[in-house]
Enquirer: 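I am attaching a structure below and will ask some questions about it afterwards.
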Amino acid sequence: MRISVFRILFFLIAFPFFSMAQHQLTISVNGVPSSKGSINVGVYNTADGFLKPESIFSGKKEKAQKGTTTIVLEQLPTGTYALALYHDENDNDELDTNLLGIPKEALGFSKGKLKTFGPPDYDECVFKVDSDTSITIPLK
């Protein structure tokens, strides 16, 4: 009888930890023009906060590697996300733009493509993470 009570208690205590699964997201950034600077990635989990620096759910900065740079995000909870990233060649932690606001540094988005007059919407970039996931993002 004690064993079954112990198992029930263990299940009730451990269940919340199993339901909050953490996953690894591997991002392959293709078309990196040089090994100068870094690749900065922002992970967003709401449409309202998409592309707003103060609304980044998670982020990472990785040394740029010409050609392809791989970035691994650990312990990402199950959910839907959209990614925005850029090649910060001068390592100033800002997406440099010209006088018209057009980016001077290469950037990319999960699934969505840069439009003629601006970035894609959250809904165009969103993807689901419910297990370890890999995604490839080309820089433009």
Side-chain angles (χ1 to χ4, degrees):
M1 184 72 171
R2 283 186 182 181
I3 293 176
S4 62
V5 170
F6 175 75
R7 286 182 183 169
I8 291 171
L9 286 174
F10 175 77
F11 178 76
L12 291 174
I13 293 170
F15 182 73
F17 296 105
F18 293 125
S19 65
M20 297 186 324
Q22 303 290 303
H23 309 290
Q24 177 176 296
L25 175 62
T26 303
I27 307 160
S28 296
V29 184
N30 290 342
V32 179
S34 74
S35 293
K36 294 179 186 175
S38 59
I39 303 295
N40 292 356
V41 60
V43 180
Y44 298 88
N45 63 351
T46 64
D48 291 340
F50 189 52
L51 301 181
K52 297 176 183 169
E54 66 276 5
S55 297
I56 291 176
F57 175 76
S58 179
K60 191 164 185 182
K61 179 177 181 174
E62 191 74 36
K63 173 79 176 102
Q65 300 296 320
K66 184 176 182 176
T68 301
T69 300
T70 302
I71 301 168
V72 178
L73 298 173
E74 303 284 346
Q75 299 186 1
L76 200 60
T78 297
T80 54
Y81 302 98
L83 305 179
L85 53 84
Y86 67 99
H87 181 199
D88 188 12
E89 272 194 284
N90 58 4
D91 246 347
N92 67 349
D93 290 325
E94 293 180 11
L95 176 62
D96 296 328
T97 59
N98 65 19
L99 293 173
L100 299 174
I102 298 171
K104 296 193 302 186
E105 296 176 307
L107 57 131
F109 302 92
S110 54
K111 294 176 68 179
K113 297 187 182 345
L114 195 60
K115 298 176 186 176
T116 304
F117 295 106
D121 297 325
Y122 177 83
D123 293 336
E124 296 172 306
C125 297
V126 73
F127 64 100
K128 186 172 185 169
V129 173
D130 56 9
S131 63
D132 289 352
T133 304
S134 295
I135 188 168
T136 300
I137 300 176
L139 284 182
K140 298 286 180 183

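Computation of the quantities below employed the complete heavy-atom set of this structure, encompassing side-chain atoms and omitting hydrogens, waters and symmetry-equivalent molecules. Numbers here are sequence positions counted from 1.
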Enquirer: Within a 6.0 Å radius of atom NZ on K63, are there more than 12 heavy atoms belonging to other residues, nucleotides or ligands?
Expert: yes

Enquirer: Over all heavy atoms of both residues, which pair between L51 and A84 is shortest? Give the atoms and the distance, please.
Expert: CD2-CB, 3.5 Å

Enquirer: Nearest 0.5 Å, what's the CG-CD1 distance between L83 and I27?
Expert: 5.0 Å

Enquirer: Are any side-chain N or O atoms of Q75 and backbone N or O atoms of Q22, one a donor and one an acceptor, separated by less than 3.5 Å?
Expert: no

Enquirer: Taking a hydrophobic cluster as the set of Ile, Leu, Val, Met, Phe, Trp and Tyr residues connected by side-chain heavy atoms closer than 4.5 Å, whether directly or through intermediates, do I137 and L114 fall within one such cluster?
Expert: no

Enquirer: If only atom types and distance count, is the side chain of D121 paired as donor or acceptor with the main-chain N or O of D123 below 3.5 Å?
Expert: no

Enquirer: How far does CD1 of I39 sit from CG of L107, to the nearest 0.5 angstrom?
Expert: 10.5 Å

Enquirer: L85, V72: one ILVMFWY side-chain cluster at the under-4.5 Å cut-off?
Expert: no

Enquirer: Could you measure the distance from the CG atom of D96 to the CD atom of E105? Nearest 0.5 Å is fine.
Expert: 4.0 Å

Enquirer: Between S110 and I135, what is the shortest heavy-atom contact and its length?
Expert: CB-CD1, 3.7 Å

Enquirer: With side-chain contact (heavy atoms from CB on, under 4.5 Å) as the criterion, how do K61 and D91 come out once you've worked through the C-alpha distance, each side chain's angles and the decisive distance to 0.1 Å?
Expert: CA-CA 10 Å; K61 179 177 181 174; D91 246 347; 3.3 Å; yes

Enquirer: Using atom types as modelled and distance alone, determine if a side-chain donor or acceptor of H87 lies under 3.5 Å from a backbone N or O of K36.
Expert: yes

Enquirer: Is the closest side-chain donor-acceptor distance between S38 and N40 under 3.5 Å?
Expert: yes

Enquirer: Rounded to the nearest 0.5 Å, what's the gap from CZ on F117 to CD1 on I102? Could you check?
Expert: 8.5 Å

Enquirer: According to the interplanar angle, ranging from 0 to 90°, do the rings of F50 and Y44 count as parallel (below 30°), tilted (30 to 60°) or perpendicular (above 60°)?
Expert: perpendicular

Enquirer: With no hydrogens and no angle check, is any side-chain donor or acceptor of T133 less than 3.5 Å from a backbone partner on S131?
Expert: yes

Enquirer: How long is the gap from CD1 on I56 to CG on N45, to the nearest 0.5 Å?
Expert: 11.0 Å

Enquirer: Which pair of heavy atoms, one from S55 and one from G49, lies closest together, and at what distance?
Expert: CB-O, 3.3 Å

Enquirer: In this structure, would I71 and Y81 fall into the same cluster of hydrophobic residues linked by side-chain contacts under 4.5 Å?
Expert: yes

Enquirer: Do the side chains of V43 and V29 join up, straight or via other hydrophobic residues, at under 4.5 Å, putting them in one cluster?
Expert: yes

Enquirer: Applying salt bridge (charged side-chain N to carboxylate O under 4.0 Å, His left out) between E124 and each of K113, K111, K115, report the one that passes.
Expert: K115

Enquirer: When rounded to the nearest 0.5 angstrom, what distance separates CG in L76 from CG in L25?
Expert: 6.0 Å

Enquirer: Looking at every non-hydrogen atom in both residues, tell me the closest pair between Y122 and T80 and how far apart they are.
Expert: OH-O, 3.5 Å

Enquirer: Is a donor on one side and an acceptor on the other found under 3.5 Å between the side chain of D88 and the backbone of D93?
Expert: yes

Enquirer: Answer with yes or no whether the side chains of N30 and T68 bring together a donor and an acceptor at under 3.5 Å.
Expert: yes

Enquirer: Grab the two heavy atoms, one from L139 and one from P33, that are nearest each other, plus how far apart they are.
Expert: CD1-CD, 4.3 Å

Enquirer: Quick one: do T26 and D132 satisfy side-chain contact (heavy atoms from CB on, under 4.5 Å)? Show the steps, please.
Expert: CA-CA 8 Å; T26 303; D132 289 352; over 6 Å; no

Enquirer: Check C125 against A82 and note the closest heavy-atom contact, atom names and distance.
Expert: CB-CB, 3.7 Å

Enquirer: Looking at K66, Q65, E89, which hits side-chain hydrogen bond (donor to acceptor under 3.5 Å, both in side chains) with S34?
Expert: E89

Enquirer: Just so I know, are the side chains of F109 and P119 near enough to count as touching, which here means a heavy-atom distance under 4.5 Å?
Expert: yes

